[in-house]
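Any value given below was found using the heavy atoms of this structure, including those in side chains, with hydrogens, waters and symmetry copies removed.
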There are 2 protein chains.
Amino acid sequence: MKSGLITIKDLARELKISASTVSRALKDHPDISAETKRAVNELAKKLNYQPNAVALSLKQRRSNTIGIIIPEIVHYFFSSVISGIEDVAYDAGFNVIICQSNEKYEREVANAKTLLASRVDGILVSVSKETEDFSHFYNLRNNNIPLVFYDRIVPGLEADQVIIDDFDAAYRATRHLIDSGRQHIAHFAGPQKLLIGKQRKDGYIKALKEAGLDVDEDLIIEADSFEKARLAIMKLLNTGKKFDGLFATNDLTAIGAMQTIQKRGIKIPDEIAIVGFSDGRFSGITDPTLTSVDQHGYEMGTIATEMLLKRITSEDDEYPFETKVLDANLIVRGSSL
Amino acid sequence: MKSGLITIKDLARELKISASTVSRALKDHPDISAETKRAVNELAKKLNYQPNAVALSLKQRRSNTIGIIIPEIVHYFFSSVISGIEDVAYDAGFNVIICQSNEKYEREVANAKTLLASRVDGILVSVSKETEDFSHFYNLRNNNIPLVFYDRIVPGLEADQVIIDDFDAAYRATRHLIDSGRQHIAHFAGPQKLLIGKQRKDGYIKALKEAGLDVDEDLIIEADSFEKARLAIMKLLNTGKKFDGLFATNDLTAIGAMQTIQKRGIKIPDEIAIVGFSDGRFSGITDPTLTSVDQHGYEMGTIATEMLLKRITSEDDEYPFETKVLDANLIVRGSSL
DNA sequence: ATGAAAGCGCTAACAG
DNA sequence: CTGTTAGCGCTTTCAT
């Protein structure tokens with residue numbers, strides 16, 4: 001037997017009244033007599049009646065559900081975003097359907113289709129790395145599904161979006177090293193074809209120039225993983241080139257460099273200060289603890305969801321798109337004191 | 001205007017045929033002529049028709065959606081579980097609605113209610129730390145919602161469940177230290193009122209006893225966080241008590257101990273070997289890398305989902321409940337070589 | 001080979 | 001104050 005769940009009809013039959021009366025009584029409609037309300041609510045409680053959200057969705061053409069398209073849940077940043085989304089959605093009485101693209105274009109297209117079929121009221125999207133054709137997003141928009149992009153946006157697609165100011169964060173991180181007296185600051189950069197890689201490097205360069213420091217190409221090295229950092233720092237140290245600071249494009253890179261530096265007997269932060277860019281919960285458990293940029297994933301999730309809910313519940317369909325840029329602020333820890 | 005999405009009726013009107021014919025054509029029913037099928041499919045594609053899953057759910061009394069109740073998404077273990085769930089569900093054509101309890105009883109009860117209202121076809125549950133009253137789960141069961149518990153189960157409630165053999169994992173971890181020649185092995189334990197804390201300690205004790213080693217109460221210390229570990233290990237070292245191995249109830253504890261030990265100039269693993277219990281992605285980035293138990297979150301998610309889908313799709317309602325116990329195997333790294 | 005009608009559970013005019 | 005009716009989008013007998 002499928003789902004022996006109680007329906008409004010069951011209550012109606014039992015009480016020998018009509019389904020509509022039951023419906024009204026349940027939502028405390030002013031027309032209904034106190035006596036009837038009491039009886040209905042009592043029986044509903046007794047039989048543990050649960051309204052059928054599916055029927056409601058069909059009726060109202062409104063599912064009170066939002067969809068999320070997310071590259072990979074297991075990354076700390078993304079799971080924090082989800083957490084933020086969940087909390088806001090929950091408070092507003094919305095459900096959340098999560099679809100992972102696993103960074104695959106095909107899967108992302110399927111996700112969009114699924115969410116459309118589920119008639120979600122709106123979708124939060126962070127675009128997969130692989131995606132170059134964006135027609136599935138245009139398709140959603142053509143179907144009047146409100147869309148908010150977070151973190152990874154679609155270039156050229158006007159939409160609500162919330163992103164982090166990577167450029168400014170990198171600028172401030174580098175600036176922090178300069179302010180604390182470092183003059184020769186290296187940068188371990190991400191791939192320059194990726195926006196975040198480029199922006200972080202540009203922020204670094206801006207800070208140097210502004211302070212009147214040379215931009216030394218020998219100190220800018222493309223390395224964006226734990227392993228690559230170990231090799232790169234080794235090579236750099238072997239050149240004999242002097243440097244007293246390092247800004248790494250992410251925490252794992254910073255940590256890989258830090259360990260290797262320490263193995264050489266070089267003191268951190270005394271001889272070399274290090275700053276990372278947060279992508280996990282690593283910064284607190286290194287020795288020394290790692291100064292790093294906080295990406296505010298949770299906050300990004302809450303803000304994106306608020307924007308989406310506003311879009312969903314707004315009467316006026318056509319107010320202009322918003323772009324929110326979050327500050328990613330620097331958390332100073334032991335590695336740069 | 002809400003949702004200008006194309007319906008079957010729209011197609012029918014356009015083609016001057018009935019909705020039922022369209023419906024049948026779309027699912028390639030043998031009764032329908034090739035010509036009609038072609039016309040219908042062509043128009044459907046042209047207008048970008050997407051079947052309304054909500055209407056389907058109502059009709060079939062089957063939502064093709066499963067619910068997840070999870071304590072906190074941001075923990076690496078739980079996000080890996082979700083990832084496993086998502087992948088299996090996706091392949092089977094099921095959607096996933098995620099509800100976080102945030103370790104709160106009240107919220108967990110609300111989650112159960114929400115999922116019931118959404119008419120999910122089944123629910124995967126990991127119980128919140130706070131929960132002591134389990135009636136909301138009995139309620140789900142009374143409503144014939146298939147339930148599978150993963151990782152954190154309800155004592156005494158017979159149900160499908162998949163858990164990790166913490167006892168055996170701890171036994172093997174300790175055994176590994178013994179096999180590599182350590183004779184005086186300390187244990188940093190979790191709270192003994194929590195099942196996992198107790199099981200891990202018991203496994204440790206079993207290994208010692210089996211090897212004919214003394215169980216030295218002075219070497220068993222309740223400490224289950226990074227900070228507590230630092231304090232506890234300091235104290236332990238100060239007593240002058242000799243030990244050459246440490247099994248910690250989780251990775252952060254192991255890492256806190258490791259750092260403090262190293263600061264004293266004691267070599268790891270030469271003088272003291274360390275084994276942790278995985279709860280993050282930390283083990284690869286410490287120096288030395290940390291030997292740890294892998295909890296297989298992803299696998300737990302896939303298995304739990306398979307069990308649930310089997311329950312949902314099974315004709316025969318009443319086959320006995322299953323309990324799957326996953327091996328949590330030891331990954332040997334630098335800290336115990 | 002196709003259509004008409006009923007119904008999944010609920011709500012909201014409209015009618016008394 | 002309550003009941004009747006229609007309809008949300010779809011499937012599925014039952015006719016034809």
* Quick one: stems involving DNA chain D, counted as three or more successive Watson-Crick or G-U pairs, both distances short of 3.5 Å. => C:1-16 with D:1-16
Under 4.0 Å: is that the gap between some side-chain N or O of [X] and OP1 or OP2 of [N]?
X     : N      : result
B:T21 : C:dG3  : yes
A:R61 : D:dG9  : yes
A:K59 : D:dG9  : no
B:Y49 : D:dC10 : yes
B:R62 : C:dC8  : no

* Asked: A:L56 has a side chain; which of D:dC8, C:dT11, D:dT11 sits nearest to it?
  -> C:dT11
Under a 4.0 Å N-O cut-off, is there an ion pair linking [X] with [Y]?
X      : Y      : value
B:D160 : B:R311 : yes
A:E103 : A:R152 : yes
B:E322 : B:K310 : yes
A:R38  : A:E42  : yes

* Interface residues of residues 23-47 of chain B with DNA chain D (non-hydrogen, below 4.0 angstrom) -> B:S23, B:R24, B:K27
* Which residue pairs pass the ring-ring contact (aromatic ring centres under 6.0 Å, His included) test with at least one member in residues 59-118 of chain A, sequence neighbours excluded? -> A:Y105-A:H136
* To do: Scan A:T7 against the nucleic acid and name what it touches under 4.0 Å (heavy atoms): base, sugar-phosphate only, or nothing.
  => sugar-phosphate
* What nucleic acid atoms does B:I8 come within less than 4.0 Å of, heavy atoms only: base, sugar-phosphate, or nothing? -> sugar-phosphate
Just how far, in rounded Å, is [atom2] of [N] from [atom1] of [X]?
X     : N      : atom1 : atom2 : result
B:R13 : C:dG3  : CZ    : P     : 15 Å
B:Q60 : D:dT12 : CD    : C1'   : 10 Å
A:K9  : C:dG7  : NZ    : P     : 8 Å
A:L11 : D:dT2  : CG    : C1'   : 16 Å
B:D10 : D:dG7  : CG    : C1'   : 15 Å
A:I17 : D:dC1  : CD1   : C1'   : 11 Å

* Asked: Quick one: which of B:I145, B:D121, B:V148 gives a side chain to side chain contact (heavy atoms under 4.5 Å, CB included) with B:I312?
  -> B:D121
Under 3.5 Å, which donor-acceptor pairs do the side chains of residues 47-54 of chain B form with other protein atoms, sequence neighbours left out?
from: B:N48; atom 1: ND2; to: A:N139; atom 2: OD1; distance (Å): 2.6
from: B:N52; atom 1: OD1; to: B:V54; atom 2: N; distance (Å): 2.7
from: B:N52; atom 1: OD1; to: B:A55; atom 2: N; distance (Å): 3.2

* Asked: Who pairs with A:S18 by side-chain hydrogen bond (donor to acceptor under 3.5 Å, both in side chains), at least two apart in sequence or on another chain?
  -> A:S20, A:T21
* **Residues forming a side-chain hydrogen bond (donor to acceptor under 3.5 Å, both in side chains) with B:S128, sequence neighbours excluded** => B:T131
